[in-house]
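Inspection log for the structure reproduced underneath, given as structure tokens.
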Protein chains: 2
Amino acid sequence: MKSFIETIRSIEVESPVDKIIGQLKQLITSGQLQPGDRLPAERILAEKFGVGRSYVREAILKLEFYGLLRTNPQSGTYVSGLSIKVLDNIITDIIKFNKEDFNALLEARYYLELDAVKLAAERRTAQDLVNLKEAMIDYENKINSNQDAIEEDMLFHIAIARATKNSVIESMILILIPDLIKNIVESKICGDNRGKLAIAEHRNILTAIENQDIDAAENAVAAHLNDMFQISKAGFSAQNIINDN
Amino acid sequence: MKSFIETIRSIEVESPVDKIIGQLKQLITSGQLQPGDRLPAERILAEKFGVGRSYVREAILKLEFYGLLRTNPQSGTYVSGLSIKVLDNIITDIIKFNKEDFNALLEARYYLELDAVKLAAERRTAQDLVNLKEAMIDYENKINSNQDAIEEDMLFHIAIARATKNSVIESMILILIPDLIKNIVESKICGDNRGKLAIAEHRNILTAIENQDIDAAENAVAAHLNDMFQISKAGFSAQNIINDN
DNA sequence: TACCAATTATTGGTTAACCAAATATAGAGA
DNA sequence: TCTCTATATTTGGTTAACCAATAATTGGTA
């Protein structure tokens with residue numbers, strides 16, 4: 001009896017929303033709707049598709065999650081660029097959701113940046129090295145004159161992300177880092193001399209990337225991010241103790 | 001004048017929807033709402049939050065999109081355990097026009113999943129092992145009876161992501177994997193016997209996670225994803241040759 | 001003819017009412 | 001006391017009407 005029931009396939013009832021999404025996606029990917037174009041009004045679409053407006057709205061909402069569409073209130077719904085940037089919306093959402101889960105954000109950043117620096121060491125171009133060096137020196141100047149160097153620090157890390165030549169990883173880091181650094185500074189996790197210590201660490205990272213020494217690059221970043229990594233690790237351990245009870 | 005305009009931050013108007021999402025997410029991550037629990041009815045939530053029901057619906061839709069909730073019509077909205085959206089593979093459909101970005105996505109998935117499995121091996125609970133084993137066996141049954149096993153494959157990988165206990169990494173994988181796997185299968189990048197090969201690979205991954213052998217787990221996933229990794233790697237190499245000219 | 005202000009029409013946003021399916025309840029019968 | 005059935009209630013789904021912001025139109029003025 002069981003073997004028979006196993007063979008029954010679940011009936012795929014394609015909901016009206018999925019049908020609308022499919023058609024809109026088709027219109028966009030086929031080029032009939034270009035980025036910047038305005039979609040017909042929701043009421044018109046509903047009539048054309050022969051469904052209620054709420055279905056159309058739901059479909060549009062979902063496509064907005066992906067960043068495929070952008071809605072301007074009282075004006076219309078527009079096709080936005082269909083590049084890798086569609087992921088940006090999703091990444092932003094994920095980070096927004098997990099704003100409260102600081103440990104998870106720290107940890108994700110740690111591992112992402114380790115991945116990134118390995119790729120950067122492998123693929124960095126001469127231009128990347130110039131950019132990295134520039135960002136590094138800007139940072140050092142600010143620190144040495146006792147100025148705030150948050151932005152410069154960020155730019156150095158972003159320069160690493162750029163050098164990966166991986167647009168997805170770059171986007172993830174680009175979105176994640178500013179959010180994190182803001183939090184780190186506000187919560188004063190780092191002591192006052194952290195900035196000075198970071199100078200040498202940045203130099204180590206750059207040297208390893210320049211030499212295309214992947215292992216050294218990974219170790220250098222791991223050392224640089226170690227403080228934060230320990231915080232997140234401690235957080236997760238605490239979590240586990242709670243769960244084990 | 002420009003420097004002045006630069007300092008203006010975009011005003012973060014937290015929409016009612018974002019507030020609701022934040023609160024619901026908190027309830028879930030804090031454990032006050034466990035997987036399988038039913039949320040209060042939409043009308044009740046709307047009243048509690050002091051907003052219209054449509055806002056609540058929109059928030060639920062988004063959380064459903066990110067795999068945190070599951071809605072059963074006329075029954076209620078539940079906190080989701082392992083689940084996937086079988087929605088159209090929108091991300092890959094959009095970016096497959098740009099080969100470079102597609103490779104970047106493959107590569108990002110590769111590194112993300114390596115990170116994930118390391119964390120999973122470290123932190124997996126007994127329940128995680130049960131979930132993983134169940135997902136693995138479901139997959140094997142489907143493959144051995146020559147059935148389509150895309151969904152089961154996805155669920156195995158998502159079970160790994162869940163075992164990381166890192167909601168940021170989990171969310172990213174939850175969004176990327178179904179989209180990618182569906183696309184890979186549909187485009188027949190892999191041969192017909194790929195499914196059978198994957199059985200042994202899945203077993204290796206599970207064993208390593210069970211033994212909390214982090215290195216073995218990483219290697220097992222690397223072996224499992226090697227085909228795709230080679231594709232992305234080849235893409236990046238080709239890119240470099242172009243750049244070097 | 002060119003420009004501007006007032007008006008009109010159209011847009012997405014929002015609400016409230018209604019629907020059918022799922023569930024909980026109550027009561028009859030064994 | 002237990003089980004089953006009929007009923008009532010609750011649920012998410014759906015519709016239609018209304019709202020305010022925007023865009024288009026119109027008419028008048030310089």
Side-chain angles (χ1 to χ4, degrees), chain A residues 10-25 27-28 33-80 89 93, chain B residues 10-25 27-28 33-81 83-87:
Chain A
S10 70
I11 301 167
E12 284 271 337
V13 189
E14 194 169 44
S15 74
V17 174
D18 287 339
K19 283 184 189 167
I20 298 168
I21 288 178
Q23 295 213 38
L24 288 179
K25 190 189 73 175
L27 284 173
I28 294 170
L33 278 172
Q34 296 277 335
D37 285 357
R38 207 190 78 179
L39 255 63
E42 293 179 355
R43 289 166 179 85
I44 310 287
L45 284 173
E47 204 183 340
K48 294 266 190 207
F49 285 123
V51 298
R53 183 152 83 107
S54 55
Y55 287 124
V56 174
R57 296 203 95 231
E58 195 177 323
I60 289 175
L61 202 58
K62 281 190 175 174
L63 288 172
E64 260 185 295
F65 291 164
Y66 284 108
L68 219 57
L69 297 178
R70 186 174 36 83
T71 294
N72 290 359
Q74 276 69 47
S75 164
T77 301
Y78 299 82
V79 179
S80 47
N89 287 274
D93 273 343
Chain B
S10 69
I11 300 168
E12 281 274 332
V13 190
E14 195 167 46
S15 73
V17 175
D18 285 337
K19 283 185 190 167
I20 298 168
I21 289 177
Q23 295 213 38
L24 290 179
K25 179 83 207 318
L27 285 174
I28 295 170
L33 281 172
Q34 295 281 336
D37 285 356
R38 208 189 74 180
L39 255 61
E42 293 178 355
R43 290 167 179 82
I44 311 289
L45 283 174
E47 203 183 341
K48 294 264 189 209
F49 285 123
V51 299
R53 201 180 138 206
S54 53
Y55 286 125
V56 173
R57 296 202 97 232
E58 195 178 325
I60 288 175
L61 189 70
K62 203 158 193 176
L63 287 170
E64 214 178 349
F65 178 81
Y66 284 100
L68 274 79
L69 297 178
R70 183 173 40 82
T71 294
N72 289 1
Q74 276 70 48
S75 164
T77 302
Y78 300 83
V79 178
S80 172
S83 73
I84 48 168
K85 342 180 293 332
V86 267
L87 198 63

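No hydrogens, no waters, no symmetry mates; every other heavy atom, side chains included, goes into these values. Letters A, B, ... are given to chains in the order of the sequence lines, protein chains preceding strands, and every chain is numbered from 1.
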Heavy-atom side-chain proximity of B:Y78 to B:L39 below 4.5 angstrom: no
Separation of atom CG in A:L39 from atom C1' in C:dG12, rounded to whole Å: 13 Å
Check: B:S80 side chain, B:L68 main-chain N or O, donor-acceptor pair, under 3.5 Å: no
CA sep, side-chain torsions, deciding dist, call: A:Q23, A:F49, side chain to side chain contact (heavy atoms under 4.5 Å, CB included): CA-CA 10 Å; A:Q23 295 213 38; A:F49 285 123; 3.5 Å; yes
A:T71 side chain near C:dG12 phosphate (N/O to OP1/OP2, under 4.0 Å): no
Gap between atoms CZ and P, on A:R70 and C:dT11 respectively (whole Å): 17 Å
A:Y66 and B:F65 aromatic ring geometry - parallel, tilted or perpendicular at 30°/60° bounds: perpendicular
Position toward the 5' end of DNA chain D (nearest nucleotide), A:P73 or B:Q74: B:Q74
Under 3.5 Å donor-acceptor pair, A:R43 side-chain atoms to C:dG12 base atoms: yes
Verdict with reasoning, A:L61 to B:E58, per side chain to side chain contact (heavy atoms under 4.5 Å, CB included): CA-CA 8 Å; A:L61 202 58; B:E58 195 178 325; 3.3 Å; yes
Touch class at under 4.0 angstrom, heavy-atom based, for A:S54 against every strand present: base
Salt-bridge criterion met for A:E64 and A:R70 (N-O under 4.0 Å): no
Opening and closing nucleotides of DNA chain D in contact with chain B, under 4.0 Å to non-hydrogen atoms: D:dT11 to D:dT14
Position toward the 5' end of DNA chain C (nearest nucleotide), B:P16 or B:S75: B:P16
